[in-house]
Amino acid sequence: LADPMEASIEASTQEMIRRAQRLQIETVFDRAVTMKPCAIGLQGICCKNCAMGPCRLPLPKDGIEGEDTRKGLCGATANTIAARNFARMIAAGAAAHSDHGRSVAETFLAVARKETNDYTIKDPAKLIQIAPYFGVATTVEVDGKTMDRDLDEIALGVAEAAMAEWGKTGSTLAYLKRAPQPLQDKWKEQGVLPRNIDREVVDIMHRTHMGVDQDFKNLMKQGTRCSLADGWGGAMIGTDLQDVMFGSPSPLQSEANLGIMKEDHVNIIVHGHEPLLSEMIVAACQSQEMIDYAKEKGAKGIQLGGICCTANEILQRHGVPPAGNYLQQELAIITGACEAMVVDVQCVFQNLANVAKCFHTKLITTHPMAKMEQENVVHIEFDEHYAMQDAKRIVKLAIDNFENRGADIMIPRHKMKQIAGFGVESIRYHLGGSFRGDYYTLNDNIINGRIRGIAGVVGCNNARTKHNEEHITIIKELIKNDVIVLTTGCSAITAGIHGLLTPESAAVHCGPGLAEVCETVGIPPVLHLGSCVDNSRILLAATEVVKAGGLGNDICDLPAAGSAPEWMSEKAIAIGQYFVASGVYTVFGYHMPVDGAPVFRDHLYKDMEKIYGGKWDCEPDPIKHAHKMIAHIDKKRKELGIDK
Ligand code: NFS
């Protein structure tokens, strides 16, 4: 069994692991102790792409002297195998983000065609802002006068053009032109401009089939093209159209951690990724009809909470508190007070079904793509055209389940206040300047050295590392050294749980320069920018910093670095690659599945910088990890001549 103190640094998680063990319910933390990862897979050098294998190419104990003669049955080298595996991770990650984006675009098309009443356009300004990138006019000429174009027409134009991004021919992705010009030029020169979103994923699956691409550099060229189709394509369109339909986030106050669940309320936890579902659940939970129904059934009300990126989506737009991050999903049920856990796609443990069996909790799958084999799981398919109806059915099921709750309940008391919901627009509002341009205050403070640089700390938890420890140690070390942190995904939830998303935390944890800026402007030193698809917000924020001037001409010139301290998902690899290819020095914690192929690893860790200005790195030690980022930031400051 797992030692709770070794498994997590977070008190409610430790308490719940202890409780699970007392109740003899197995969790991911216990399984991480009993099952060890395969050492060869871990190094990225196991090829199972054909039935002559799996071929395993372990590194000799004393390393390789002279020529590396390792090969699979077909002759594939360690570099080919590791690069193929890496590219497939990018493909899977880009597919997950972009398919989420596709669902959003499809729903937006239904809105534009007026086929649904449940979704509308909540942020017309954003729609007008993105329309030109899709070649959609926002004004019309009438009798020689320029007039605003009808919003419905703009919506339809954008929806159709956005949908085409997944399969168009003869051109490249529309949003690439949002990047700084030198970066676009670099991509063009390298031949990595994505053609359409689906094609780049299919291309990787073809190219990594037995007997196709056997040049690790060429494999990574396609890996790069596919990752760009994610970050500057599917994910970015997903973020934007979500903002158009559900509203662009602006900073709001909320709470975080398992302690947000309430003993006298019906507790509903939404878990997964696509806000199409969770937005409707939020609306259903807030409806008087459902609140009254809950009271009729003996509850004081309905408490909604989120896990994983769905949590971030409804947090940033509605202030609904996250109940936990990735590794806390089983624990929310183990409280005994979860009436329903509603899941859609991605990052959902199959073991939730086994845990739910031990309690009254209804585990509800909602997506046609994501069902579970266990018999206790209820499937209520969510149809965007009947969204509210479906959402109310789900909420009612949860309320009806309130009376079935057992006597043994334990909701940890831990929760923290937090400010979340920053975006490109709100950073501009808080750190912009009145006349000197958009991100002037931020740039000015970077130039004068109060802010040393910018870090993006993002990504998952991983049961192979101590839950939350790396995230928190790295973030604290960065802000202590005056580096402002932008965070998304489970890292953002972690920062919230540990109290780093409040303006007050600046005085406690920051170096004097960053503390002064945060206090003057009234922002936390760690800014919550949303879910993992919202990493596109970080790309756009970085682009705004470039545009505001004084810090070079391209993202790779900025004193900035990226980090995913406890990554586990293929999506993290896709994100890492599009950050690298956008010019960002990107450090992952835990390990990278490339160590068995040192030449390929050097390609990622060294050559990439010469090609795109950004490169990969890996550092499991959190303090060293933060200082690698800081050293890079200092190097960039020196190159810019602002290193006094
Ligand atoms: Ni990102 Fe979000 Fe969390 Fe990792 Fe999973 S929820 S999409 S993949 S685990 S950060």
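Indexing begins at 1, ligand by ligand and atom by atom, following the structure's order.
- Protein contacts to atom 5 (Fe) of ligand 1 involving N, O or S atoms at a distance below 2.8 Å are Cys347 SG.
- Using a 4.5 Å cut-off on side-chain heavy atoms (C-beta onward), Pro322 and Gln418 make contact.
- In this structure, Arg84 has no side chain to side chain donor-acceptor pair (under 3.5 Å) partners at least two apart in sequence or on a different chain.
- A side chain to side chain donor-acceptor pair (under 3.5 Å) with Glu10 holds for exactly one of Asn468, Asn257, Asn325; it is Asn257.
- We find the CD1-CD distance between Ile364 and Glu381 to be 13.5 Å, quoted to the nearest 0.5 Å.
- For Trp567 and Phe588, the gap between ring centers is short of 6.0 Å.
- Ring centroids of Phe108 and Tyr119 are separated by 6.0 Å or more, keeping the two rings apart.
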